[in-house]
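Below is one structure, written out as structure tokens, with a few remarks after it.
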2 protein chains.
Amino acid sequence: MTTTMRDVAKAAGVSVATVSHVVNDKPGARIGDDARRRVQEAIVALGYRPNALAKTLSEGSSRFIGLVADAIATTPFAGQIIHGAQDEAWRHGFVLLVANTEGNAAAENDAIAMMLEHQVRGILYSTWYHREIEVPPPLQHTETVLVNCFAGDDSFAAVVPDEEQGGRTATEQLLAAGHRRIAFVNTTSPSPARSGRLAGYRSALEAAGIAGDDALVFEAAPQQEGGYDAAAAVIASGATAVFCHNDRVAMGLYDGLRERGLRIPDDVAVIGFDNQDVIAAHLRPPLSTVALPHYELGAAGVRTLLGLESPATGARQLIACPSVPRESV
Amino acid sequence: MTTTMRDVAKAAGVSVATVSHVVNDKPGARIGDDARRRVQEAIVALGYRPNALAKTLSEGSSRFIGLVADAIATTPFAGQIIHGAQDEAWRHGFVLLVANTEGNAAAENDAIAMMLEHQVRGILYSTWYHREIEVPPPLQHTETVLVNCFAGDDSFAAVVPDEEQGGRTATEQLLAAGHRRIAFVNTTSPSPARSGRLAGYRSALEAAGIAGDDALVFEAAPQQEGGYDAAAAVIASGATAVFCHNDRVAMGLYDGLRERGLRIPDDVAVIGFDNQDVIAAHLRPPLSTVALPHYELGAAGVRTLLGLESPATGARQLIACPSVPRESV
DNA sequence: TTGAAAGCGCTAACAT
DNA sequence: ATGTTAGCGCTTTCAA
């Protein structure tokens, strides 16, 4: 049924070795023009397709890269991690094996086992939000790169977003627009995002010669509801601009501000974080924000897995969070 | 380096055939308790892992299923298609090969070629929104199932959402809440969603003995902006409830309604479509909507590809869009 | 310039 | 009950 190399060889009147050589365009292989042509013709005539599996078996090394995700296909924007990883893998002739585990340890082990059985070159282990993780035991003895997460002792190569730079960038946008009294509505849940963005906020203020004022730092649940509820306090603080921990908080804040008759950005400037498209691009006014570099995280993960990127040893590789200006600042 | 079956056989003092039998728990294979035990011990002692690729090669049939998506990893909720497909594939011992093509024909052909070279059992071809497509030529001679899309002549097995039932369901929610004058803000872009939901809306009204009134059917760009802009006309129509083509339109409508001092659902009830979580669950009030069954589309696609589901021949398989009641009705 | 043949790790008759 | 062996489709020395 499927036509193999042997079929091509027979049709072209040559040996399989010759076919193999022309198919792979082997450098050190002298093939007569005539033979080469006959092989090529036979290939198209028979519709021959190399069997990648047999090739792998024979060569000993596969072209697979595994991506195990805790909920990446479930959550809105983090699917970009898959996308970035897949593009980059592709670019280097690799194929992505994807497994979604929903954070279920059993599923996770199964997924990893399955990938190992498929001889993956290595595994990308990724989470849908940036956090510290316990690396699953089966990964200990496998070429692994953590994406959007990291081991507590940094014993694994990891690629994560630069939260602090992101927080700084956000704050700088507000500063650049002339604001001096800038509030920060942070999340209540401890996380690299929470501390990193706060650090960035502070460092930007400091760099601008503005004394940090803890009365301007608020905490709220990281959804629309949190932002909405924070509105009153933010207004009371006298802030003229507010940096929200994420776009959803910003969206809630919009509601709260609007309800009190405040206009954005005229009365209060707002900047978000995450660049969650469905929201940010379509709020009124469109929300200025800072993007989480999901695509880049996936791509960089693949690169370091393939050894194309040499991260400072043992250190997390930080990926910049770019500013996405729209109309709320 | 990697330990093979032969290593295990040697360690256990048996032949590879025996090892193969115990590893695969072959039904018709009588293996002595003693030998079986020795093999199992050797397996853990050596940390043996079967090579799935060699197995495939030998068996002749692979356990791969390909999923080529036009933008599925890019777009928020449709990542659920991947998720559903992967879960279902997994459930049957299959592995998903994912490729995102961004609608680029060249990338698409490459992706398909690569999958074929990896001996996939078949290919799921999916789009991020429900529509008619031109099936890529290389798929013509391949076991293919279309997911969230369909061929113009229905010459391919396809699994799509039941837009009409969805539209009916949405309208019924409004009807059940006692509304009689129900507006429909449809999208301007021609699509199965546009015509299907409209048909569902009409059929629900008719079933309730309400005469359809074209003055109650509006058209708007399918984003927040469209909903916002439609608010005035909707209000002027005297409708007490409105079914929005999607959640984003509903979100915009919320703004428009609120700006005019109307309260939801007291003054006007609103229902959306898509169940786009970031939005629907967190609007104020939370938006009642109808869900697009992405996960199920992916899962059903895999099932029909594996021949576990027998679709009425040549027909599209319709997946129901369930109602997701929240507080806007 | 080309071919023969020995694997790659595993399965599946077929023997024993 | 267990072992032998011939492939699966391809790569790769090594000869010719």
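In this text, all values refer to a predicted model and were calculated from it rather than measured experimentally. By convention in this document, chain letters (A, B, ...) are assigned in the order of the sequence lines, proteins followed by strands, and residues within each chain are numbered from 1.
When the P atom of C:dC10 is taken as reference, atom CD1 of B:Ile43 falls 10 Å away, rounded to whole Å. Rounded to an integer number of Å, the gap from NZ of B:Lys10 to C1' of D:dG3 is 16 Å.
At distances below 3.5 Å, not a single donor-acceptor pair connects side-chain atoms of A:Asp154 with backbone N or O atoms of A:Arg316. Here the side chain of B:Arg38 pairs a donor or acceptor atom with the backbone of B:Ala12 at under 3.5 angstrom.
Across its full length, the helix from C:dT1-D:dA16 to C:dT16-D:dA1 shows an angle of 40° between the axes of its 5 terminal pairs at either end, rounded to 10 degrees.
Using bins of under 30°, 30° to 60° and over 60° for the plane-to-plane angle, the ring pair B:Phe64/B:His118 lands in the perpendicular bin. Between A:Tyr295 and A:His83, the ring planes are perpendicular. Angles over 60° get that label, and only those under 30° would be called parallel.
Closest heavy-atom contact between A:Pro161 and A:Asn148: CD-OD1, 3.3 Å. When all heavy atoms of A:Leu116 and A:Val120 are compared, the pair lying nearest together is CD1-CG2, 4.0 Å. Across all their heavy atoms, B:Ala320 and B:Asp162 have their closest contact at CA-CB, 4.3 Å.
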Mark up nucleotides 8-16 of chain D, 5' to 3', with B wherever a protein heavy atom is under 4.0 angstrom from a base atom, S wherever such an atom reaches only the sugar-phosphate, and - elsewhere. BBBSB----

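Residues meeting the ring pair (Phe, Tyr, Trp, His ring centres under 6.0 Å) test with B:His21, sequence neighbours left out: none.
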